[in-house]
Amino acid sequence: MDFAATIFLMLLLLTNYTLCNGCIPSERQALLRIKRHLIDSSNMLADWRSGKGDCCEWLGVFCDSATGHVTELRLGSSNDTIALAGAHGRLKLGGKLDPALLDLKSLSYLDLSNNDFDHTRIPDWFWNLTSNLQYLNISGNRFQGNVPDFLTNQASLVLDLSFNNFTGSLPVISLNVTVLDLSNNAFSGNMSRFLCHKKHRMKLEVLSLGGNGLSGEIPDCWQKWGNLVALELCDNNFSGTIPGSMGALTSLQSLHLRNNNLVGEMPGSLSNCTELLTLDLSANRFFGAIPPWMGERLSKLIIISLGSNMFRGRIPDQICGLTCLQILDLSRNYLSGNIPSCIKNLTAMISGNRSDSKIFYKTSKGCFSDNIALTMKGVVFDYSSTLKLIKLVDLSNNNLTGEIPEEMTRLIGLLSLNLSRNHLVGKIPGNIGAMNTLECVDLSENSLSGEIPESMNRLTFLSYLNLSYNNLSGQIPSGTQLLTFSSSSFLGNKLYGPPLTNASRDSKLVAPISSNVGENVDTGTQVNWLIIWTECGFLFGFLCVFFYVWFTDKLDSCIFSIHSR
């Protein structure tokens with residue numbers, strides 16, 4: 001056998017030895033050092049020990065089948081592998097991070113999310129991992145410290161640092177970061193250093209900065225960020241207007257600016273964002289009219305949330321052209337005029353629910369689910385996993401006039417309808433029972449008149465009803481459905497019959513009006529002062545007669561006593 005053949009045979013045997021014996025010995029030792037500094041109260045890493053065969057078969061460890069190098073550590077408590085392996089629930093790791101992580105030279109995926117590294121400060125060496133990683137998720141811990149600039153990353157990086165206690169200013173990121181989630185931390189300052197002064201077009205597709213302490217104006221330099229698919233800046237302290245350069249975000253599918261201090265009119269440049277599925281500008285101070293181009297240019301919209309602003313004018317008929325729209329929240333504004341009868345054209349609110357319950361936006365790194373805060377049944381919920389199932393119209397707390405259009409009853413897929421606190425007149429549409437998926441109906445504090453339609457008894461899924469403080473009259477339909485609600489659902493009208501009692505029929509004179517939209521106005525036992533004063537008058541008269549008889553008797557006794565002497 002010649003020398004070359006001998007070398008080839010030796011290499012082949014060495015390769016077979018490596019493959020047969022699993023992971024690299026030095027990386028096995030690195031994993032053992034990592035475990036040594038972790039607190040594993042559930043003993044979920046019990047198979048991480050020196051006498052336990054192939055470390056590539058250890059829980060949460062994944063290796064390259066050809067080389068034996070460790071490529072992935074999936075140790076997040078929400079990870080399916082970990083969750084299914086735990087007999088007593090999810091794994092919760094704690095303790096400290098060990099520099100032995102740097103010895104895993106082929107590591108490209110690290111998930112430590114939703115563990116319990118309570119108030120641990122991230123060591124400086126840890127951030128060197130990002131030069132090779134393609135995925136890093138340390139969300140849902142309570143890590144502390146500052147986050148350095150990511151300038152050396154050579155891979156396309158997905159970075160999730162959300163739900164920690166990181167402070168300081170936003171880090172500058174490298175060109176190759178594609179997903180960045182820094183939400184729900186304690187970052188402060190403005191966005192200028194992070195956003196502006198870029199020489200090249202950024203690859204970032206998802207940017208989530210919600211739930212921090214960021215302030216100042218949103219910079220007007222979005223031209224280099226045209227790959228953004230999702231942008232979330234909600235729950236900060238941003239001020240000023242929406243910058244016109246956001247119109248350069250032509251790939252944007254999800255825009256969340258909720259709960260800031262933003263002002264001004266909606267810029268026309270947003271009409272260029274024709275891929276938008278979600279537009280959430282609620283809880284700011286935007287004013288002016290709702291622009292008709294929303295219904296003309298943003299034809300893919302599934303969610304419009306403009307509540308708690310200062311928009312005025314009429315609801316534009318063009319909104320009716322949004323055939324994909326499932327959630328329309330225009331509540332708590334100053335809108336006036338009639339509810340457009342063309343609302344029947346919102347065909348996505350007619351069809352039944354699809355099998356998938358999330359609203360996704362697509363990126364090069366896969367699909368990410370959207371989320372939004374909505375008021376249902378008087379309570380604010382954050383919807384994500386079931387968002388696709390929600391079909392809602394909320395026009396409450398405006399100055400809308402006219403009648404509820406009969407055409408609205410064609411929205412038979414609707415789950416929640418809130419028209420409370422307007423100036424609506426006329427009757428409740430007689431065919432409202434056709435909307436048989438409704439779970440929440442709030443028509444309170446309007447000037448609606450006439451009887452409650454019998455068809456409401458067909459709303460078998462209805463779990464929240466408020467018709468209080470209108471001019472409704474007649475008997476409450478006697479079917480079992482409406483009898484399940486308390487009298488507070490009907491107060492302040494001229495109604496009679498169960499569930500109202502004799503004492504509550506005229507309760508409009510005595511029951512306080514709710515100060516919150518959608519709030520159940522059940523105030524408990526009401527005080528009827530007429531009855532109390534009547535009873536007091538009767539008691540006073542009785543006492544007068546009693547004392548008169550008693551005093552006369554005493555006087556007669558006294559006279560008799562004097563005469564007897």
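For this chain, numbers begin at 1 and follow the sequence in order.
- Cation-pi geometry between Arg74 and Tyr109 is met: the NZ or CZ atom falls under 6.0 Å from the ring centre, inside 45° of the normal.
- Judged purely by distance below 3.5 Å, without hydrogens or angles, the side chains of Asp370 and His256 pair a donor atom with an acceptor atom.
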Report task. Could you please spell out the steps behind the side-chain contact (heavy atoms from CB on, under 4.5 Å) verdict for Val179 and Asp160? Result -> CA-CA 8 Å; Val179 176; Asp160 189 348; over 6 Å; no
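- In this structure, a donor-acceptor pair under 3.5 Å is absent between the side chains of Glu232 and Ser254.
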Query - Verdict with supporting geometry, Glu275 and Lys300, salt bridge (Lys or Arg N to Asp or Glu O under 4.0 Å) - result: CA-CA 6 Å; Glu275 298 298 313; Lys300 297 182 180 180; 2.8 Å; yes
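- A distance of 8.5 Å separates CG of Leu281 from CG of Leu262, quoted to the nearest 0.5 Å.
- If you check the side chains of Asp235 and Asn259, you find a donor sitting under 3.5 Å from an acceptor.
- Residue Ser444 is tested with Asn446, Asp442, Leu448 for a side chain to side chain contact (heavy atoms under 4.5 Å, CB included); the sole match is Asp442.
- Residues Phe194 and Trp222 place their aromatic rings such that the two centres sit no closer than 6.0 Å.
- Scanning both residues, Trp225 and Leu249, for their nearest heavy atoms gives O-CD2, 3.2 Å.
- Residues Asn261 and Ser239 have side chains that never bring a donor and an acceptor to within less than 3.5 angstrom of each other.
- Among all heavy-atom pairs drawn from Ala348 and Gln326, the shortest one is CB-CG, 3.9 Å.
- A side-chain N or O of Asn176 and one of Lys203 form a donor-acceptor pair less than 3.5 Å apart.
- Here the CZ-CG distance, from Arg314 to Asn399, works out to 13.0 Å after rounding to the nearest 0.5 Å.
- For the residue pair Ser156 / Lys365, a side-chain donor-acceptor distance below 3.5 Å is found, with atom types taken as modelled.
- Annotation: side chain of Leu301 is in contact with side chain of Leu279 (closest heavy-atom distance under 4.5 Å).
- In terms of modelled atom types and a separation under 3.5 Å, the side chain of Asp181 and the main chain of Ser183 share a donor-acceptor contact.
- A donor-acceptor pair is defined here as one N or O able to donate and one able to accept, closer than 3.5 Å; no such pair exists between the side chain of Asn493 and the backbone of Ser473.
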Requested in this report: Just do the side-chain contact (heavy atoms from CB on, under 4.5 Å) check on Asp111 and Leu75 with the steps written out, would you?
Outcome: CA-CA 6 Å; Asp111 183 1; Leu75 300 178; over 6 Å; no
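- More than 12 heavy-atom neighbours from other residues, nucleotides or ligands sit within 6.0 angstrom of NZ on Lys198.
- In this structure, Asn471 contributes its side chain and Gly450 its backbone to no donor-acceptor pair below 3.5 Å.
- Side-chain contact between Asp149 and Ile173: absent, with no pair of heavy atoms (C-beta onward) separated by less than 4.5 Å.
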